[in-house]
Amino acid sequence: MCTLKPAAMPKQGSDKIPKERSKHFYVILLTTSILLPTATFAQSGSAGDSGLFSLPGILITITLLIIPVVAALFLLAVKANALFRNIQNKKDAEEATRFAAYLKTLNVEQLEALQNDRLHQDYHLNNKELSGPFSPEDSRGLLSSINERANIRFIEAKRKAIVRPGIDPALSKLILWFLGTATFWLVFGTSVGEYIGIKFVAPDVDQVSWLSFGRLRPVHTNAVFWGWSSLAMLGLGYYVVPRVSNIQIHSLNSGWWSLILINASVVLGTSALMAGINNGGGEYREYIWPIQLLFGIGLVITLVNYLRTVANRKTTEIYVSNWYIVAAVMFAIVISIVAYLPNFQNGLGETIIQGYYMHQGVGMWFMLFTLGLVYYYLPQQLNKPIYSYSLGILAFWSQIFFYTLIGTHHFVFSAIPWSLQTVAIVGSAGMIIPVVSGTTNFIMTFRGAWHKVAGSYTLPFFIVGIIFYFTGSLQGTAEAFRSTNLMWHFTDFTVAHSHLTMYGIIAFFLWGGIYAIVPRLTRQEPPQITVGIHFWMAFIGMMFYTIPLMWGGTMRGLMWMEGLPFIESVTMMAPYWLWRAIGGSLMWVSHLVFAYNMYQMINPRKTVNINEEAIKKLHANDYELVDILDK
C-alpha cells in the first residue's frame with residue numbers, strides 16, 4: 001500500500017501591501033494583500049519545521065478572530081458611552097428639578113427681574129420670526145410615539161418599527177406561522193444540541209439508546225437546518241419577494257402547503273432518526289428519501305410560487321434580493337436530487353457527492369437565500385438604498401461560480417483525484433471575491449448612518465452577521481489549504497467553523513430580519529431589554545463556544561501530526577469541551593429568550609394609549625388644563 005507524502009511547504013513570499021487607493025476600500029485592500037501570499041501554499045501538505053504561528057492559515061484565523069473581538073469592544077464602548085450620557089442627563093434633570101423648586105420660592109417681582117436680566121444678557125434671534133409667538137399645534141396628528149419617560153433608566157430606548165400600510169393580513173398570518181414553527185424547531189434542535197454538549201463533559205449521563213450521541217447529533221443538525229433556518233428563511237422570503245415585486249404573492253394556498261410539508265418532513269425525520277432509521281452515513285442527509293421528498297416537494301411549490309410572483313411583478317427590473325432567493329431555492333432542489341439519486345452512491349462517487357451536497361447546502365441554500373434577505377432588510381432598517389447594485393450582482397455570480405467547486409476541500413489527502421482536490425482549493429481561494437464584495441456592499445451601506453445603530457435593536461444583529469460573514473467565510477478559505485487542512489481536519493476546529501457560519505452568519509441575520517418585520521405585522525414590539533439579553537447571550541455564548549474549540553482543535557491536530565497517542569488528545573480536549581458546554585448553554589438560554597420575545601410580538605394583548613387615558617382621567621375628575629406661560 002502506498003501513502004501520499006505531502007510536499008515541503010515553501011517559504012512565504014514577501015509581497016508588499018499595496019498603497020491605499022481609496023479610504024473606503026483600505027480595509028479590503030489590506031485584507032487581500034494579507035491573503036494573497038497564502039495561495040502559494042495551495043500545493044503544500046506539511047507544516048515543515050517552522051513554528052505554529054508561521055503557518056498562513058493560523059495567521060489568517062487569528063486575524064479573523066481579532067475582528068469580532070474588536071467589534072464587540074467597540075459595541076461595548078458605544079453602550080458604555082450611552083450609559084454615561086444617560087447618567088449625565090439624569091443629573092441634569094435633577095438639577096433642573098432643584099432649580100424649579102428654587103424658582104417657586106420667588107415672588108412675581110423677583111421672577112420678572114430675573115427674566116428681564118436674562119433677556120438683556122442673552123438676546124439673540126429665537127428662530128420664531130416667521131412663525132410668530134403662537135404655540136405649536138399638531139391638528140393633523142403628524143407627531144407620534146412621543147415618550148418622555150423611558151421604562152428603564154440605564155437602557156437607551158430603541159427606535160420602534162414603523163407600521164407599513166398595505167400588508168395583506170392573510171400573508172401576515174402565513175409569515176407568522178413560518179416564523180413561529182421555525183422558533184419551535186430552534187428551541188427543540190438546540191435543546192438537543194445542549195444535551196449533546198453536556199455529553200462531552202459527562203458521557204455516561206444516560207444509558208438509553210435513543211439518547212445516544214449517534215442518534216441525537218443528526219437530530220440536532222437536521223432540526224436546526226431544515227426546521228429552524230429553512231422555515232425562517234422561507235417565512236422572511238414570503239415578505240420580501242412580493243414586496244420588492246410590488247405585487248401580492250401569487251398563491252397563499254401554496255405557501256401553506258409548503259409550510260405543512262416541510263414541518264411534516266422534520267417531524268417524521270426526527271422520529272425516524274430517534275428510532276435509528278436513517279440514510280446511512282451521509283452527513284446532513286440522514287433523513288431517508290421518502291421523508292426528504294416531502295421537503296423537496298415543499299421547495300418545488302415554493303419555487304413555483306416565487307417565480308410566478310416575480311414574473312407578474314409591477315417593477316421593470318428584478319431586485320437583487322429576488323435573484324438570490326429564487327436561485328437559492330433552485331440550488332436546494334438540485335442538490336437534494338443529486339444527493340438522493342442512487343446512481344452516485346457507490347465508492348468515491350458517494351464521497352464526492354457528499355462533499356458537493358454538504359457544502360452546497362450551506363453556501364447555495366442557506367447563505368445565498370440569507371444574503372438575499374439582507375439585501376432587503378438592511379437597507380430597510382437603515383432607510384437608505386443598498387450601496388451598490390453592481391457589487392451585489394458581482395457577489396451573486398462569483399459565489400455561484402466558485403462555491404459550486406469547493407465541496408471536495410473536505411477530503412484533501414484522500415483517494416479522490418489530486419486534481420479535483422486542487423480545483424476545490426482554488427475555488428475556496430476564489431471565494432474571496434464574493435465575500436469581500438458582499439461585505440464591502442453591506443458596510444458601505446452603513447456609510448452616513450452609523451448613528452442609527454445606537455437607536456436600533458435590529459442593526460446590531462446585522463452587524464454581527466456581516467462581521468462573521470467576512471471572518472467565517474475567509475476562515476473557510478484558510479482551512480482549505482493543504483498545510484492547514486492537514487492540521488485542522490477531523491478536529492473540533494471544524495465544529496467551531498461550522499457554528500461561526502451557520503450561527504454567526506445565518507442565525508444572526510435571520511434574527512435581525514425577524515425583529516425587523518414581525519413588529520410591522522403585529523404592531524407589537526418585543527421588550528427591548530430581553531432583545532438585548534438575547535443578543536449578548538447569543539454573541540458571548542458563540543465566542544465561548546468557538547474560540548476554545550478552535551484553539552483546542554489546533555493543539556489536537558498538532559498532537560496527531562507528532563504521532564502522539566490518540567487518547568492523549570482526547571484527555572487534552574476535556575477543558576475545551578467544558579467551555580463548549582458553557583458557551584452552548586448561553587446560546588441555548590438566548591434561544592429561550594428569543595422564543596419569549598416572539599411570544600410577546602405575536603400574542604395579541606391590550607395596549608393602553610397613555611395620552612388618551614390621561615385625557616380621560618382629567619375630564620373624569622374635572623381638571624382644567626392651563627397654559628402656565630400666560631401667567
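Note: Phe295 and Trp226 meet the aromatic proximity criterion, with ring centroids under 6.0 Å apart. Taking the six-membered ring for Trp, His534 and Phe461 have ring centres closer than 6.0 Å. A ring-centre distance under 6.0 Å is found for Trp579 and Phe544.
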Ring pair (Phe, Tyr, Trp, His ring centres under 6.0 Å) evaluation trace for Trp511 with His591:
CA-CA 10 Å; Trp511 284 326; His591 304 159; 5.7 Å; yes
Lys199 and Asp204: salt bridge (Lys or Arg N to Asp or Glu O under 4.0 Å), yes or no, with the steps?
CA-CA 7 Å; Lys199 278 178 172 286; Asp204 297 329; over 6 Å; no
Could you walk me through whether Phe213 and Phe200 satisfy the ring pair (Phe, Tyr, Trp, His ring centres under 6.0 Å) test, starting with their C-alpha distance in whole Å, then the side-chain angles of each, then the deciding distance to 0.1 Å, before giving a yes or no?
CA-CA 10 Å; Phe213 183 90; Phe200 277 90; 5.7 Å; yes
Checking side chain to side chain contact (heavy atoms under 4.5 Å, CB included) for the pair Thr501/Ile506: CA distance, chi angles, key distance, verdict?
CA-CA 7 Å; Thr501 52; Ile506 305 301; over 6 Å; no
Run the numbers on Glu286 and Arg215 for salt bridge (Lys or Arg N to Asp or Glu O under 4.0 Å), then give the verdict.
CA-CA 10 Å; Glu286 290 90 353; Arg215 296 191 186 184; over 6 Å; no
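Side chain of Thr491 to main chain of Trp488: a donor-acceptor pair is present (N/O by atom type, distance under 3.5 Å, no hydrogens or angles). Under a 3.5 Å cut-off, the side chain of Asn279 and the backbone N or O of Trp289 do not form any donor-acceptor pair. A donor-acceptor pair is defined here as one N or O able to donate and one able to accept, closer than 3.5 Å; no such pair exists between the side chain of Tyr457 and the backbone of Ile529. Checking side-chain atoms of Glu194 against main-chain N and O of Ser585 turns up a donor-acceptor pair under 3.5 Å. Side chain of Asn222 to main chain of Pro218: a donor-acceptor pair is present (N/O by atom type, distance under 3.5 Å, no hydrogens or angles). Proximity of a side-chain donor or acceptor of Ser473 to a complementary backbone N or O of Phe470 within less than 3.5 Å is not detected.
In this pair, Phe188 and Phe184 present their aromatic rings parallel. The plane angle is below 30°, not in the 30 to 60° band. Note: Phe462 and Phe509 have tilted aromatic rings, judged against thresholds of 30 and 60 degrees for the angle between ring planes. Ring geometry for Tyr469 versus Phe442: interplanar angle of 30 to 60°, hence tilted. Taking the six-membered ring where the residue is Trp, Trp228 and Phe594 present perpendicular rings, their angle passing 60° and hence far from 30°.
Leu236 CG to Leu179 CG: the interatomic distance, rounded to the nearest 0.5 Å, is 5.0 Å. Note that CD1 of Ile196 and CG of Leu216 are 5.0 Å apart. Values are rounded to the nearest 0.5 Å.
Annotation for Trp177: atom CH2 does not count as buried by contact number, only 12 or fewer foreign heavy atoms lying within 6.0 Å. Atom CH2 of Trp577 has more than 12 neighbouring heavy atoms from other residues, nucleotides or ligands inside a 6.0 Å radius. Around the CH2 atom of Trp450, the shell of radius 6.0 Å holds more than 12 heavy atoms that belong to other residues, nucleotides or ligands.
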Indicate every side-chain donor-acceptor pair of residues 267-277 with a distance under 3.5 Å to a residue at least two apart or in another chain.
residue	atom	partner	partner atom	Å
Thr270	OG1	Val266	O	2.7
Ser271	OG	Val267	O	2.9

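Taking each heavy atom of Ala72 and Phe539 in turn, the nearest pair found is CB-CE2, 3.4 Å.
A side-chain donor from one of His497 and Glu479 sits under 3.5 Å from a side-chain acceptor of the other.
Considering only residues two or more places apart in sequence or on other chains, Phe225 meets the side chain to side chain contact (heavy atoms under 4.5 Å, CB included) condition with Tyr284, Phe366, Met502.
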